[in-house]
Every structure is written in structure tokens, then in C-alpha cells.
Trainee: 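Quick one: the structure is below, questions incoming.
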Amino acid sequence: MVEQKHVRAHVLISGRVQGVCFRAYTVDEAAAGGVAGWVRNTPDGRVEAVFEGEQPAVEAMIAWCHKGPPAARVNGVEMVWGEPKGESGFGIRY
């Protein structure tokens, strides 16, 4: 069995992404995919998230961010890869 590579992605999502339960849906999606990290609203109206885990699961989270929850209207997703820092669990930061 091939061991999956663990990765970290820092993501900024823009559009109508606040006030549409984006963070709560992100927590549910991350938990379902076994991804660790966090999500929060930014003062400029975007949503910021960090995803850590096996590369396919993290890539699935990034793909999900391009559409988001039903009420969201995503205009853009900026993403930067980084070295995993050992995140555990997934939660909302305030």
C-alpha cells in the first residue's frame, strides 16, 4: 500500500461567502473528508481556511471551496501550498 503524502493548503475564498454558513459547512466537509485545520471570516469579507491531511482529501476540500454551500456565490479562490504543521481536528476560529 502506498502511503499518501500529507500536505497543507492555505486558502482565501472571496464572493458572497459570509452570512451563508460557509464556515459551518466547511467544518462538516472537512470532518467527512478526514481533513484537519481551521476556517474563519476575515474583516475584508472573505473566508480564510487551512486544510491539512492526505493530498487527495485536501484537494477535494479546495475543489469544494470553489462552490461552497448552497447560499454562497464564490468569485475566487486563492491557494498556497505549505509544509504541514501538525493540525489536529477542524474548527472555526474567531
Side-chain angles (χ1 to χ4, degrees):
M1 181 149 98
V2 176
E3 186 175 326
Q4 293 287 336
K5 180 180 178 186
H6 268 64
V7 297
R8 178 184 180 94
H10 182 224
V11 182
L12 285 166
I13 306 109
S14 57
R16 189 173 75 197
V17 294
Q18 291 190 8
V20 295
C21 297
F22 204 104
R23 294 172 298 165
Y25 274 90
T26 303
V27 169
D28 291 346
E29 290 290 322
V35 174
W38 51 265
V39 63
R40 68 179 170 195
N41 286 341
T42 64
D44 64 5
R46 295 184 292 177
V47 169
E48 177 182 23
V50 165
F51 304 121
E52 274 193 22
E54 294 180 355
Q55 189 165 355
V58 171
E59 288 175 349
M61 284 301 304
I62 296 164
W64 179 85
C65 286
H66 281 84
K67 64 181 180 79
R73 295 294 173 264
V74 176
N75 294 337
V77 176
E78 299 171 43
M79 193 274 304
V80 176
W81 292 108
E83 287 298 315
K85 295 183 178 176
E87 300 281 348
S88 64
F90 196 93
I92 296 173
R93 285 197 180 168
Y94 296 95

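Computed from heavy atoms alone, side chains included, the values below leave out hydrogens, waters and symmetry copies.
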Trainee: Of the non-hydrogen atoms in Gly33 and Ala57, which two are nearest, and what is the gap between them?
Mentor: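 Taking Gly33 first and Ala57 second, the nearest heavy atoms are O-CB, 3.5 Å.
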
Trainee: Return the CD1 to CD distance between Ile13 and Glu48, rounded to the nearest 0.5 Å.
Mentor: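 So the gap between those two atoms works out to 9.0 Å.
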
Trainee: State, to 0.1 Å, how close Ala72 and Lys67 come at their nearest heavy-atom pair, and which atoms those are.
Mentor: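 Between these two residues, the closest heavy atoms are CB-O, 4.2 Å.
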
Trainee: If hydrophobic clusters are built by linking Ile, Leu, Val, Met, Phe, Trp and Tyr wherever their side-chain heavy atoms come under 4.5 Å apart, do Val47 and Val27 end up in the same one?
Mentor: yes

Trainee: How about Thr26 and Phe51: do any of their side-chain heavy atoms sit closer than 4.5 Å?
Mentor: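 Answer yes - side chains close enough.
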
Trainee: Compare every heavy atom of Ile62 with every heavy atom of Ala9, then report the nearest pair and how far apart it is.
Mentor: CB-CD1, 3.8 Å

Trainee: Is it the case that Glu78 and His10 place a side-chain donor and acceptor less than 3.5 Å from each other?
Mentor: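 No.
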
Trainee: Do you know which two heavy atoms are closest between Gln55 and Val7, and how far apart they sit?
Mentor: CA-CG2, 3.7 Å

Trainee: To the closest 0.5 Å, what do you measure between CG (Asn41) and CD (Gln18)?
Mentor: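 Taking CG in Asn41 and CD in Gln18, the distance rounds to 3.5 Å.
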
Trainee: Testing the basics here: between Val20 and Ala71, what is the closest heavy-atom pair and its distance to 0.1 Å?
Mentor: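 Heavy-atom minimum between the residues: CG1-O, 3.6 Å.
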
Trainee: Grouping I, L, V, M, F, W and Y whenever their side-chain heavy atoms are under 4.5 Å apart, do Leu12 and Val50 come out in a common cluster?
Mentor: no

Trainee: Within a strict 4.5 Å, meaning less than it, do heavy atoms of the Phe90 and Glu29 side chains meet?
Mentor: no

Trainee: Does the distance from a Lys or Arg side-chain N to an Asp or Glu carboxylate O, for Glu87 and Arg8, drop under 4.0 Å?
Mentor: yes

Trainee: Can you confirm whether Glu52 sits close enough to His6 that some side-chain heavy atom of one is under 4.5 Å from a side-chain heavy atom of the other?
Mentor: no

Trainee: Transitively linked via ILVMFWY side-chain contacts under 4.5 Å: Trp81 with Trp38?
Mentor: no

Trainee: Say you draw a straight line from NE2 of His66 to CE of Met79; how long is it, rounded to the nearest 0.5 Å?
Mentor: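 Taking NE2 in His66 and CE in Met79, the distance rounds to 8.5 Å.
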
Trainee: For Phe22 and Val17, work out which heavy atoms get closest and say how close.
Mentor: CB-O, 3.2 Å

